[in-house]
Amino acid sequence: MRIDGSTKVYGIIGNPVSHSKSPVMHNSGFVALGENRVYIPLPVSDVEAGLTGMRGLGLWGASVTIPHKEAVISLLDKVDPVALRIGAVNTINVIETSEGRKLHGSNTDWLGSNRALAEKTDLAAKKVVVLGAGGSARAIGFGLLEAGAEVVLCSRTEQRGRALAADLGCIWYSLDHVDNLSGDILVNATSVGMQPHVDKTLITKNSLACYTVVMDIVYAPLATRLLQEAAAMGCITVNGLEMLLYQGVAQFELWTGKEAPVDVMRRALLEATGNL
Ligand code: NAP
């Protein structure tokens with residue numbers, strides 16, 4: 001990678017960011033396309049100061065991660081309507097206008113989960129059971145509705161689950177009922193099954209039989225217990241790196257205006273997570 005006076009700088013704003021695989025993913029894509037751009041970790045505790053720094057230093061774009069995805073919204077010049085509905089921005093794109101450089105916010109998490117699923121199945125009119133009611137479940141749920149799917153939310157904490165279901169306009173069930181639900185697609189949008197608790201899963205193996213596609217957004221390990229059991233029951237499986245990859249692909253394409261080198265970026269992620 002060559003860095004010179006014309007290199008456009010991007011980064012990931014969050015706290016912490018040292019664990020992030022996004023620098024490896026985006027830089028591999030920039031190099032593959034010969035783009036004079038670089039992507040760096042930007043540990044930011046004060047998001048307002050971080051955005052002031054981004055404007056002042058002339059950065060061209062950024063990913064936004066925990067804990068700033070919600071707070072960043074009021075600091076941007078313009079925010080995409082879907083990101084506003086989700087209530088979270090994970091992408092900033094800097095646009096040059098006649099009135100100077102403007103920061104535009106959008107959300108590619110839902111694009112990432114939709115594309116990861118769409119590689120395996122149509123989403124329109126499909127019934128999707130989403131496990132969890134956190135930030136990821138929120139983006140995934142709104143994305144599925146955008147794609148014309150029917151969403152059923154199933155989570156542990158009633159108040160949080162009902163609040164998200166009300167926002168999505170969908171039905172909520174307690175996790176106690178997870179084995180009685182059915183659908184075309186199941187998505188685990190919780191952290192259950194993540195290292196070191198790799199023996200954990202929220203649904204019994206036999207209850208997976210009714211689903212055609214099962215996606216887990218946990219990617220450490222890549223083959224979670226849920227995905228192993230889903231494969232054993234004959235389901236098509238989608239691992240958590242695919243959502244991470246495609247949310248990054250959407251960012252890359254927004255920033256560069258070019259088709260992202262998906263295979264190169266996937267390989268970089270697999271290598272960085274010890275799966276190659
Ligand atoms: P979050 O906002 O903290 O939400 C976590 C959700 O998981 C909550 O609904 C929580 O339940 C549920 N949960 C946690 N432990 C549980 C347990 N033992 N039993 C039942 N439910 C449990 O987190 P998030 O940002 O949505 O992220 C969730 C996971 O997705 C994390 O592991 C994260 O690393 C991963 N992730 C992956 C991608 C990707 O691209 N692949 C992107 C973002 C996040 P309550 O509702 O009861 O609190």
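Note that ligands are numbered from 1 as they come in the structure, with each ligand's atoms numbered from 1 the same way.
Looking only at heavy atoms of the protein, atom 28 (C) of ligand 1 is closest to A189 O, 3.8 Å. Considering only non-hydrogen protein atoms, atom 7 (O) of ligand 1 sits nearest to T190 CB, 3.2 Å. In terms of protein heavy-atom proximity, atom 2 (O) of ligand 1 is closest to G135 N, 2.9 Å. Closest protein heavy atom to atom 4 (O) of ligand 1: G134 CA, 3.3 Å. The protein non-hydrogen atom at the shortest distance from atom 37 (C) of ligand 1 is I217 O, 3.2 Å.
Residue G132 has at least one heavy-atom neighbour below 4.0 Å for each of these atoms of ligand 1: 9 (O). Taking a cut-off of under 4.0 Å to the non-hydrogen atoms of L244, the atoms of ligand 1 that pass are 40 (O). The L202 neighbourhood of ligand 1 comprises atoms 19 (N), 20 (C), with distances under 4.0 Å to a heavy atom of that residue.
Under the 4.0 Å distance rule, the nearest protein heavy atom to atom 20 (C) of ligand 1 falls inside the cut-off. Not a single protein heavy atom sits closer than 4.0 Å to atom 23 (O) of ligand 1.
For the residue pair D80 and S106, no side-chain donor N or O sits within less than 3.5 Å of a side-chain acceptor on the partner. For N206 and T204, the side-chain atoms include no donor-acceptor pair closer than 3.5 Å. Between the side chains of Q247 and N90, at least one donor N or O lies within less than 3.5 Å of an accepting N or O. Under the 3.5 Å distance criterion, with hydrogens and angles disregarded, no donor-acceptor pair is assigned to the side chains of N15 and S45. Checking S63 against Q251 by side-chain atom types alone, a donor-acceptor pair falls below 3.5 Å. N36 and S6 form no side-chain donor-acceptor contact under 3.5 Å, judged by distance and modelled atom types alone.
Counting heavy atoms under 4.0 Å from ligand 1, residue L175 touches it through the side chain alone. Both the backbone and the side chain of T157 come within 4.0 Å of ligand 1, counting heavy atoms alone. With a 4.0 Å cut-off on non-hydrogen atoms, M243 touches ligand 1 through its backbone as well as its side chain. Counting heavy atoms closer than 4.0 Å to ligand 1, residue L241 contributes nothing at all.
Ranked by closest heavy atom to atom 26 (O) of ligand 1, the top entry among A137, S191, S136 is S136. Of the listed residues (R160, Q159, R138, K21), the one carrying the non-hydrogen atom nearest atom 46 (O) of ligand 1 is R160. Considering only non-hydrogen atoms, atom 10 (C) of ligand 1 lies nearest to R156 out of M194, K69, R156.
In this structure, E119 places its CD atom where more than 12 heavy-atom neighbours from other residues, nucleotides or ligands lie under 6.0 Å away. More than 12 heavy atoms of other shown residues, nucleotides or ligands fall within 6.0 angstrom of atom CG in L84.
Here the shortest heavy-atom pairing between V79 and A83 reads CG1-CB, 3.9 Å. Across every non-hydrogen atom of L227 and T237, the tightest pair is O-CG2, 3.6 Å.
The shortest separation from a heavy atom of A133 to ligand 1 is under 4.0 Å, placing the residue in contact.
Taking the centre and axis of the six-membered ring of W60, the NZ or CZ atom of R101 falls inside the cone set by 45° and 6.0 Å.
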